[in-house]
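Here the structure comes first, spelled out in structure tokens, and everything after it is commentary.
Heavy-atom basis, side chains included; hydrogens, waters and symmetry copies ignored.
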Amino acid sequence: MHNHFMARAIELAVTNARLARGGPFGAVIVKNGAIIAEAANSVTSNNDPTAHAEMLAIRNACQKLEQFELRGCELYASSEPCPMCLGAIYWARLERTYFGSTAAEASKAGFDDSLIYEEISQLQSERKIPMIQIMGEEAGEAFRVWEHQPNKVPY
């Protein structure tokens, strides 16, 4: 069955590339042996840098299941997930991820995310886009309120 689901992710990617709707990426999410969500990259067609296939598939699956976690689900991506999508995979708590192309192959096609991986390990002040903390004490109020919120939904 793995090949069936990966073939669908690849089909979404190839179709998207042919129609120039976005990048050449597709993803499907499977639960209990059935596809519950799928998506193709729509970064350029939606003018949304977060509209990667994996991100959209995760959003679609969460909406369909009416929950913010995807425990018990698997992701099939036509290419190795980028750092943003990798973060979303962990936040969604997917059971496992299968991918087709490697990040190195995506890089050769013009989709190089190695800079982001390198930037993560840099000090915040030394990144190409500096990260500068301001009003940390005041911002901490949101966490203090959260800690005492009796109606919170932990995640």
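At least one side-chain heavy atom of Pro24 sits less than 4.5 Å from a side-chain heavy atom of Phe111. Contact check for Glu38 versus Ile29: no side-chain heavy atoms found under the 4.5 Å cut-off. Counting only heavy atoms from C-beta outward, the side chains of Gln67 and Cys62 never approach each other to under 4.5 Å. Between Leu65 and Lys31 there is a side-chain heavy-atom pair separated by less than 4.5 Å. No side-chain heavy atom of Ile132 sits less than 4.5 Å from a side-chain heavy atom of Ser125. A heavy-atom distance below 4.5 Å is not found between the side chains of Met55 and Asp48. When side chains are defined from C-beta on, Arg127 does not count as touching Ile129, because their heavy atoms never get closer than 4.5 Å. At a threshold of 4.5 Å between non-hydrogen side-chain atoms, the residues His52 and Val43 count as touching.
Annotation: the span from Glu119 atom CD to Glu126 atom CD amounts to 10.0 Å, rounded to 0.5 Å. Note that OG1 of Thr97 and CD1 of Ile89 are 4.0 Å apart. Values are rounded to the nearest 0.5 Å. The line from CG of Leu123 to CE of Met131 is 12.5 Å long, rounded to the nearest 0.5 Å.
In terms of modelled atom types and a separation under 3.5 Å, the side chain of Asp112 and the main chain of Ser107 share no donor-acceptor contact. Judged by distance alone, with hydrogens and angles left aside, the side-chain atoms of Arg93 form a donor-acceptor pair with the main-chain N or O of Trp91 at under 3.5 Å.
Residues Tyr117 and Tyr90 are members of one and the same hydrophobic cluster, defined by side-chain heavy-atom contacts under 4.5 angstrom among Ile, Leu, Val, Met, Phe, Trp and Tyr.
Ile35 belongs to a hydrophobic cluster whose other members, connected by ILVMFWY side-chain contacts under 4.5 Å either directly or through intermediates, are Met1, Phe5, Met6, Ile10, Leu12, Val14, Val28, Val30, Tyr76, Tyr98.
Counting only residues at least two apart or in different chains, side-chain hydrogen bond (donor to acceptor under 3.5 Å, both in side chains) contacts with residues 9-19 comprise Arg8-Glu11.
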